[in-house]
Every structure is written in C-alpha cells, then in structure tokens.
Amino acid sequence: MSMDTAELLELTTDEVVTHSYVRDVAMPSGKTMALLTLDNGRDHTRPNTLGPATLIELSGVLDKLAARAGRGEIAAVGITGKPYILAAGADLSKISEIPSREIARQMAQLGHETFGKLTELGVPSFVFINGLALGGGLEVGLNANYRTIDSSVPAIALPEVFLGLIPGWGGTWLLPNLIGIENALKVVIENPLKNNRMLKGPEAFELGIADAIFPPVNFLEDSIRWADGVLSGTIKVVRKNEPGKIERAVKWDAAVGIARKMLQSRIGTVARSPYKALELLKGAKNADKQTGFAAENEALADMIAGDQLHASIYAFNLVQKRAKHPAGAPDKSLAKPVTKVGVIGAGLMASQFALLFVRRLKVPVVITDLDQARVDKGLTYIRDEIAKLLAKGRISPDESNRLNALVSGTTNKADFAQCDWVIEAVFEELGVKQTVFEEVEKYLSDTAVMATNTSSLSVEKIGARLKHPERLVGFHFFNPVAVMPLVEVVRTSATDDATLSTAMVTAASLYKNAVITRDTPGFVVNRILAKLLGEAMHAVDTGTPFEVVDAAVAPFGLPMTPFELLELVGLTVGAHVLDTHHAAFPDRFFESDNLHKLAELGHIFDRDAKGKIKGYDKKALAIVKGGTSPMTADQLRLRVEDGLADEIKRMLDDEVVHAAEDIDLCLILGAGWPFQMGGATPYLDRVGASERVFGDTFHNPPIRGLA
C-alpha cells in the first residue's frame, strides 16, 4: 500500500477478516481467469465485512494478480463471494472505534486505493454479485469493469445515509456515472430513507447496476462464460442507462434540485448525511474520478467524526438487537397458543387490527360492535383491503380466499367463546372499556388473554371489574397499524407472566417490535409527546408565535412540527392527551384551553386543495392571540430540552421501562424520531440538558462524535 496503514492496523483487533481466496478457472475459450472469492469463514448469519485488515489483504492479492496479468498468466480477474453473500460493507463496530478524523480519512482512502486497483490490473475485472451486496460490498462491484448479478439476490443497496454516513468508496461518483443521476438518487438517497429499502437482483439489473443477469442455478458458470464472451468480443456490453450529454446538461441539476426539495419537505435539514450525499452526487456531473473520490474521502471523514454517525449506530443496534430481545420479557415457553382472535369494535382502528391479525396469524378473527350495520361496515373495510392486496400482487388468489373465509362479524359476544385472544378498540373512555370487558369475560375460557389498545387510560383500572385481571394486558398500537412497527405492551401489577409472554410472542408474530412498560399515564411515547406538545402549546398560549415554536424544536430533527403532529393525530385527541397528563402530573404538564378552541375550529393550518400547508390559518391565529410573555426560540428550546430530560429521568427512576434505550427505541419506532439523532437521550446528553437537570448523563460515556 502507498499510504501509511500502521494506525489503521490498530483497529483490526477482533476483526472478523474476510479473506481473499484465489483459484484459476479455465474459461471456455481456454483463457485463464483468476477467480477471487471473498469469505470470512463464517456461515450466512455473519456476512462478509470489509475492515482494515480485510482491505489490506485484498489490496495485496490484487497487486499479485496485476503482476500475473503483466506476465500474461491470466486474461481476467473475477470476484465473487461465499454462498449467498458478496459483502455487507464496512464493519460498523470498527467504524465506531475510529479515534480521529484523520484515521477516518485514511480508512476512506484505503477503500478507494484498494478497490481502485480493479481497473488497474492490466486485464478486465468482473464482479459476480452472487448474493447480498450492501454499501462497500456493492462498491466492490461498482469499481470493477463489468458486473453480473444472480436473479435471486434479495438485497442490493447503498444504505449509508440511513446510518449517518455516505457511500465513501466510490459509490457517489461511480453510480451516477454508470446508471444516471435519477437512478442514482433513488439508490443512494430515496431508498435508504424509505426504511432502508433494498433492491432485488432483477431491479438492480434494470437500473443498470449489473451488465448481465443469470438464474441462481449455474450462476457462476454462466457468469464466467459471459465474461469469456466479453473478452473475445462476441458479447457487446451496452449500458442503456449510462448518462448522456443531454442528461448532464439539463436533467442532472434539475434532478438534484428536486431531490433537495423532497428532503427538505420530508426530513427537514437536521440530518447531515443525505445532504452530503446529494452534494457529492451533484459534483459527480463534471468531476473526474480522482476528484470525486477525494471529495468522498473528506466527506466520509466528516461523517465518521460527527455526532450523527454514532447516534445512528446506537439507534441501529436498538432496532436490530434490543428490539429482538425485549427487556423484561418472560420466557416464550409460557406463552399461550392463539388459535382464534376476537376484536371488540368495528371502527377503523379495530378493522385495522382484524386485518393485521388475520394476515399475520392466519387464524379465525371475529369482530363485534353495537349493531349489525357497524359490523358490516368493518367487514367491508377488511375485505376491501384484502382485495387491494390481491390487486397489487401482494397475496395470491388462494390466500385472498383463505383470509376472507377466516374473517367474520357478530353482534353476539357469546361468539367470542372460542377466542384465545380478545382485543378492544372502542371509545377512549374508562367506563366504556370496563363494560365491554366485563361483558365479554363471562363467555371466555379462563385462559383467554384480554388486551386493551388504550393510549392513555390506566390498564389496571380498565380491568377493575374483571374476575381475572391477571389476564389483562395493554397492547398499544400506533397508527397506521399496518405500518408502524411499535407495540407498547403494558404490564399491570396483576398481569401474570403467561399473559405477558403471550402478548410478547403475539407481537412478534405480527411482525411488531414490543417494548414492555409499566401501567403509567401515556406509557412512553404519548408521555414524551405530551411533554413536547404541552410545552409547544403553552408557549403559544403565552404569546410565542407558532413560527418561533417551530424554530425552537427544529434542532430535534423531528419528522414534523408540533402543530403538524397535532393536526395529524387530531386536535381533539391532542387536547385529550394534554388534559390526561395535566390531571396526572399537574406540576409538570400543561393543559390548553386554546387547543380545545382550535379543536372546535378543526384545524391550525391554511392548506391548498391538495392539502399542502400555505401558512397558519387566520382564525387559528386569532384564537391564540393575547399572550403577554413570549419566549425566544433559544429560551423555548432550552425549556423543552430540560423538560424532556427531567421527564425521562423520572420515568427511569420510576421504572416505567428498564433503561433509556427502551425509551429511545419507542420514540424511533413509534414516533418517527430520526436515526441520526439516536432518539431523545443521546441528544439530551450532547446538548447538556441531562447535566443541567440532574448533574449526569443518560449514557456514560455520552454518545457523540470524535473530540
């Protein structure tokens, strides 16, 4: 290597090295290909990764292959991976251990220098994408002369901006110059921000990422045969999506401008990585390869040194690890079988429950309501949604028929007798919920689990009239039910382990992440949102303009402003949530008469015919007019930060959840708090709110960038 790698080698302790194994392969023409296989010696549960030792070994092997090519011993170099996996990119645990910006820049340079050798071998290079190829794994292929792809590959992606990084080993320059700026924007920015969407093999081929696609049977043999044809000239490689003069002159800048506006409207401007990636993609229009790679080096060094990467890795580990092993969950063996589900209610939320349960559990689901008309309306919604899934090709005709056959409705709660799991989604009023459970319990077996979807009421009080309160559990979904991945599972003082275990296993069967919480007002998400929204409305009530409030909370990087969130959840619901928390904690939570008046008005914003916000409604402004003690944005920001730090500390002291990690997991999965911020507690530590409020930090050491 031409660069000094001594400091990088210090990062290789415990690195699972992905080795470069080479064997010569005779091609049909009689020419020899040196086939390099990337393999870390582990099974498919530990994908190949690309740490410093891996890159240094690969670089050395490529040097030897270049020497062999110079001697005429080989006509081509091919690279593939172990079964089902090419490579999953850099080892994130190693990235988080990088001690300085300079070492980060050297890591970027090492990748560029190593992969860059694929076009300096003296013979053509081919990468045969035989499986998972993410981040640096895909960039191995992009740096080669040619690529083939297995049609069964399930995941091709450059997910870096999702994790607070940028594609730093050639992706932001090579990809747009290979497949055009619009396609590159989709892969580098749009897909990662759609919950880290991956491309399948055929999709990657259609975009032009690969030059040829072959079925998994004989994929490697077909790829080698194809490569031989390229070498002999019998196969001409035509890249239909490669950008031409018109795209560079006209479409390139326009596409980048559209993407920038999309980012601003969807995620605001706090997250750095998408904008840095956008800047690099824009620069790829005119910059040569060397300049593009140099820009990636500096950008990657900045990202690694910054706060957002470390917060993103923390958030990623929460979602990938902690969510799969929930704190405080009883042994799964205690869970009761769920062979039939009853849903009390047939409104929109209840119907969404029924659809989710029948799709995921594939057991009979029966819904009930006060009269047959409401039941029929709920059944119509469910069957219409099943029809939409069929029309989109998401389910087969046979599955559609099975799902429809499993769903039924009734006005007779005696029809719930065979249900193992009953969940209610009726009006958010204590007496109503108590009554429906009291009525249905008499028909249930002694082992059936009862679940309430309440968002703010005491689960224990809901079960006050039950003969068996030990089998009641809170099971709080978030709207829309099919999309939001979080369920807050609420354990009362009476809930037994078998009931709790059943709830946790059921949540997993529904493809939801469950966090166990104590029975306390607002549980986790609504309690924190009530604090945020209550402070926002209190500021408006006391004379702070809406726009100043928006500016005050903008550094949190939330997906929408407090007032957009209030309109989304419903102003009446929002007012109820604030009232509930004020009643429970009057010294710390505000109620707002103005919010009730805004609820009567029905909106806060003035919107156009398409629903786009034009500004704040004049009538809404008149309602909140009159406050005499406005705050500046900085004053309010500090107040909100300190208020959240105080409330979260109280929640942890009261053991509402097991750890700060559970609160951040809830906010990320249930309220859309951005990965790049790591949820709430890393942010509150970084800005000093934790120290100001309780003289310590939620995390020791705090989760932040390099000093």
Side-chain angles (χ1 to χ4, degrees), residues 44 47-48 79-81 83-89 126-163 166-167 169-220 222-223 226 237-244 247 251 255-256 258-259 262 266 274 277-278 281 284 388-396 483 511:
H44 66 281
N48 295 330
I79 298 180
T80 192
Y84 314 114
I85 293 167
L86 181 61
F126 299 81
V127 170
F128 307 135
I129 304 173
N130 66 307
L132 179 101
L134 306 180
L138 178 55
E139 285 170 309
V140 172
L142 295 177
N143 276 274
N145 297 120
Y146 304 99
R147 291 150 297 282
T148 67
I149 193 165
D150 184 323
S151 62
S152 68
V153 170
I156 304 286
L158 292 174
E160 285 86 349
V161 301
F162 179 72
L163 297 169
I166 54 98
W169 288 337
T172 64
W173 190 90
L174 293 167
L175 192 64
N177 283 297
L178 176 68
I179 66 173
I181 186 63
E182 291 179 338
N183 288 336
L185 286 166
K186 178 178 182 179
V187 177
V188 176
I189 294 177
E190 183 181 335
N191 284 353
L193 296 181
K194 286 183 176 178
N195 292 318
N196 210 13
R197 184 183 181 276
M198 308 284 174
L199 298 170
K200 291 181 169 53
E203 294 174 302
F205 173 68
E206 284 300 315
L207 287 176
I209 290 173
D211 301 307
I213 186 168
F214 300 108
V217 178
N218 299 321
F219 167 72
L220 185 58
D222 288 342
S223 293
W226 178 85
V237 176
V238 178
R239 290 171 177 159
K240 60 181 179 180
N241 293 330
E242 195 168 3
E247 179 172 354
K251 293 183 179 179
V256 170
I258 292 170
M262 178 273 292
R266 282 188 54 194
L278 191 64
L281 289 166
K388 290 177 185 177
L389 292 170
L390 175 62
K392 293 177 181 178
R394 301 274 298 277
I395 59 175
S396 67
V483 175
Y511 302 174

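The first residue of the sequence shown is numbered 1, and numbering continues consecutively from there. All figures in this text were calculated on a predicted structure; none of them were measured in a lab.
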Drop me the distance from [X]'s [atom1] to [Y]'s [atom2], to the nearest 0.5 angstrom.
X: Asn177; Y: Leu174; atom1: CG; atom2: CG; value: 7.5 Å
X: Phe214; Y: Ser223; atom1: CZ; atom2: OG; value: 5.5 Å
X: Arg239; Y: Tyr146; atom1: CZ; atom2: OH; value: 6.5 Å
X: Ile149; Y: Phe128; atom1: CD1; atom2: CZ; value: 13.0 Å
X: Arg394; Y: Leu390; atom1: CZ; atom2: CG; value: 12.0 Å
X: Trp173; Y: Leu178; atom1: CH2; atom2: CG; value: 10.0 Å

Yes or no on side chain to side chain contact (heavy atoms under 4.5 Å, CB included) for Leu175 and Leu138, after CA distance, side-chain angles and deciding distance? CA-CA 10 Å; Leu175 192 64; Leu138 178 55; 5.6 Å; no

Please tabulate, for the side chains in residues 182-196, all donor-acceptor contacts under 3.5 angstrom to protein atoms that are two or more places apart in sequence or on a different chain.
from: Asn183; atom 1: ND2; to: Ile179; atom 2: O; distance (Å): 3.0
from: Glu190; atom 1: OE2; to: Lys194; atom 2: NZ; distance (Å): 3.0

4.5 Å side-chain heavy-atom contact, [X] and [Y]:
X: Thr148; Y: Ile213; answer: no
X: Met198; Y: Leu134; answer: yes
X: Val140; Y: Leu142; answer: no

Minimum heavy-atom separation for [X] to [Y], with atom names?
X: Gly171; Y: Pro176; answer: O-CD, 3.7 Å
X: Leu86; Y: Ala133; answer: CD2-CB, 4.1 Å
X: Val161; Y: Ala277; answer: CG1-CB, 3.7 Å
X: Gly136; Y: Trp169; answer: CA-CE3, 3.8 Å

Any donor-acceptor pair under 3.5 Å from Arg147 side chain to Gly141 backbone: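 Present.
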
For residues 151-158, tabulate all N or O donor-acceptor pairs below 3.5 Å that involve a side-chain atom, not counting sequence neighbours.
from: Ser152; atom 1: OG; to: Asp150; atom 2: OD1; distance (Å): 2.8

Lys240 vs Glu206, side chain to side chain contact (heavy atoms under 4.5 Å, CB included): CA-CA, chis, key distance, verdict: CA-CA 9 Å; Lys240 60 181 179 180; Glu206 284 300 315; 3.4 Å; yes

Using the rule given for side chain to side chain contact (heavy atoms under 4.5 Å, CB included), can you reason through Glu247 versus Ile181, listing the C-alpha separation, both sets of side-chain angles and the distance that settles it, and then say yes or no? CA-CA 8 Å; Glu247 179 172 354; Ile181 186 63; 3.1 Å; yes

All pairs passing side chain to side chain donor-acceptor pair (under 3.5 Å) where residues 127-145 contributes a residue, at least two apart: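 Non-adjacent pairs meeting side chain to side chain donor-acceptor pair (under 3.5 Å): Thr80-Asn130, Ser125-Asn145.
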
